[in-house]
Amino acid sequence: MKKFLSIVMALTIATALAACGSSPRSTTSSAASAAPPSSETSVSSTPTESSSEAELPESNVSTSSDVPSESGPTGAPASSAPEAVASSEPTGPAPDEETPVSAPERNVLVAYFSWSGNTREMASYIAERTGGDLLEIQPATPYPTDYTECGDVALEERDNNERPAIANLPESIDQYDTILIGYPIWWHTAPMIIGTFLESYDLTGVEIYPFTQSDSMDTEQFDNSIAFVRENADGATVWDGLFVRPSNTEAIDRYLSDNGLVR
């Protein structure tokens with residue numbers, strides 16, 4: 001009996017040892033390694049900051065004119081006035097760069113009326129560039145130097161379609177075949193004294209190029225002034241005019257060059 005129990009115990013121990021030896025190996029794979037790779041596609045990026053600034057008005061730009069706006073002869077405010085307004089200019093083929101086209105010989109008169117000096121500045125530059133003779137149209141009765149008083153006189157002259165007398169009116173301008181006539185915009189058109197000058201001569205066959213400027217640089221007022229010049233320049237060919245600020249010499253040069261007026 002003891003022998004039998006010894007055999008059973010030996011078999012039990014052997015069985016237990018075999019079970020321990022054949023137990024499976026533990027695998028310890030992490031959750032991170034078992035998970036699929038990340039498919040994140042939303043890349044965070046800092047947007048480029050726009051540096052575009054709002055345009056600011058030029059507070060240091062002078063807007064003086066031969067007669068200021070609202071309550072004076074120009075009759076329009078200058079709060080949104082552009083630096084320059086493109087004028088209508090004759091068009092044609094571009095000249096051959098290798099063979100410059102010389103302007104025809106002209107006898108040029110640069111006549112102008114100026115109240116504050118802006119048109120005088122413009123006329124002087126044009127006379128220098130064209131080689132023309134310079135003539136300032138001087139009223140027999142000078143306009144008031146006070147802004148409001150001058151505006152009142154100019155408005156009355158326009159409403160009555162007056163022709164103010166000119167103190168220094170030349171007896172003849174027959175020697176000139178080209179006239180550049182300058183003036184400020186007064187009450188939406190040219191000053192009436194410009195009509196006096198043009199009506200004083202036989203302008204048949206003469207070429208006339210108006211130039212003007214104003215505080216508001218209003219193109220409708222510019223067009224009105226050109227119509228006024230054409231009405232009073234009987235027999236002349238009145239070309240599309242120049243409407244820029246006196247300081248815009250680049251635009252002045254372009255207009256003179258396009259019209260064959262540069263010396």
Side-chain angles (χ1 to χ4, degrees), residues 61-85 87 109-127 134-168 179-198 208-233 238 240-249 251-252 255:
V61 176
S62 171
T63 56
S64 61
S65 176
D66 271 318
V67 174
S69 56
E70 197 75 38
S71 60
T74 57
S79 59
S80 59
E83 174 63 24
V85 176
S87 61
L109 174 66
V110 181
Y112 71 95
F113 165 71
S114 184
W115 182 76
S116 70
N118 287 333
T119 304
R120 180 182 298 112
E121 176 187 344
M122 200 171 177
S124 298
Y125 182 79
I126 289 174
L134 192 62
L135 172 67
E136 179 175 7
I137 300 171
Q138 300 174 356
T141 301
Y143 288 97
T145 56
D146 179 75
Y147 170 86
T148 302
E149 292 178 10
C150 182
D152 292 342
V153 172
L155 179 60
E156 184 177 356
E157 289 179 349
R158 188 207 66 175
D159 289 347
N160 297 327
N161 198 29
E162 295 180 17
R163 293 295 181 268
I166 297 175
N168 61 332
I179 298 175
L180 290 99
I181 184 80
Y183 50 86
I185 297 292
W186 277 13
W187 291 111
H188 307 279
T189 187
M192 296 298 103
I193 198 169
I194 296 299
T196 306
F197 178 82
L198 296 172
I208 294 180
Y209 298 84
F211 62 93
T212 182
Q213 51 77 37
S214 74
D215 224 9
S216 65
M217 296 301 290
D218 186 306
T219 55
E220 182 178 357
Q221 297 176 20
F222 167 62
D223 291 340
N224 291 341
S225 76
I226 298 298
F228 180 81
V229 170
R230 287 187 170 126
E231 289 171 4
N232 292 278
V238 179
D240 291 333
L242 172 65
F243 189 40
V244 298
R245 297 197 185 282
S247 59
N248 193 347
T249 55
I252 296 173
Y255 176 83

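Just so you know, residue 1 is the first one in the sequence shown, and it goes up from there. Since we're looking at a predicted model, the values are computed, not measured.
With rounding to the nearest 0.5 Å, the separation of CD1 in I194 from CD1 in I166 is 7.5 Å. Considering CG of D240 and OH of Y209, their distance stands at 10.5 Å, rounded to 0.5 Å. The distance from atom CZ of R245 to atom CE of M217, rounded to the nearest 0.5 Å, is 5.5 Å. To the nearest 0.5 angstrom, M122 atom CE is 4.0 Å from L242 atom CG. The line from CG of D223 to OG1 of T189 is 10.5 Å long, rounded to the nearest 0.5 Å. Here CD of Q213 is found 10.5 Å from OH of Y183. Values are rounded to the nearest 0.5 Å.
Residues N224 and I185 fail the side-chain proximity criterion, which asks for heavy atoms closer than 4.5 Å. Contact of the S214 side chain with the F243 side chain is registered, since non-hydrogen atoms from C-beta on lie closer than 4.5 Å. Side-chain contact between L135 and N168 is present, with at least one heavy-atom pair separated by less than 4.5 Å. In this structure the side chain of L134 reaches within 4.5 angstrom of the side chain of Y112, judged on heavy atoms.
Under the 3.5 Å distance criterion, the side-chain polar atoms of S114 are matched with a main-chain donor or acceptor of G117. Side chain of T196 to backbone of P164: a donor-acceptor contact under 3.5 angstrom is found. A donor-acceptor pair is defined here as one N or O able to donate and one able to accept, closer than 3.5 Å; no such pair exists between the side chain of W186 and the backbone of G151. Between the side chain of D218 and the main chain of H188, no donor-acceptor pair closer than 3.5 Å is present.
Across Q221 and S216, no two heavy atoms sit closer than the pair OE1-OG, 3.9 Å. Between A123 and V110, the shortest heavy-atom distance links the atoms O-CG1, 3.7 Å. Considering every non-hydrogen atom in both P191 and P184, the closest pair reads CD-O, 3.1 Å. The nearest pair of heavy atoms linking P210 to Y255 is O-OH, 4.2 Å. The minimum heavy-atom distance linking E121 with S247 is given by the pair OE2-N, 4.4 Å. Contact record, T119 with G182: CG2-C, 3.7 Å, taken as the closest heavy-atom pair.
The distance between the ring centers of Y125 and F211 does not fall below 6.0 angstrom.
Residues meeting the side-chain hydrogen bond (donor to acceptor under 3.5 Å, both in side chains) test with E162, sequence neighbours left out: N160.
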Exercise for review: Please step through side-chain contact (heavy atoms from CB on, under 4.5 Å) for the pair I226 and T212, ending with a clear verdict.
Suggested key: CA-CA 10 Å; I226 298 298; T212 182; 5.9 Å; no
**Study point:** From CA spacing to verdict: ring-ring contact (aromatic ring centres under 6.0 Å, His included), Y143, F113
**Key:** CA-CA 11 Å; Y143 288 97; F113 165 71; 5.6 Å; yes
Exercise for review: Start with the C-alpha gap between R230 and N232, add the side-chain angles, then the distance that decides, and say whether side-chain hydrogen bond (donor to acceptor under 3.5 Å, both in side chains) holds.
Suggested key: CA-CA 5 Å; R230 287 187 170 126; N232 292 278; over 6 Å; no
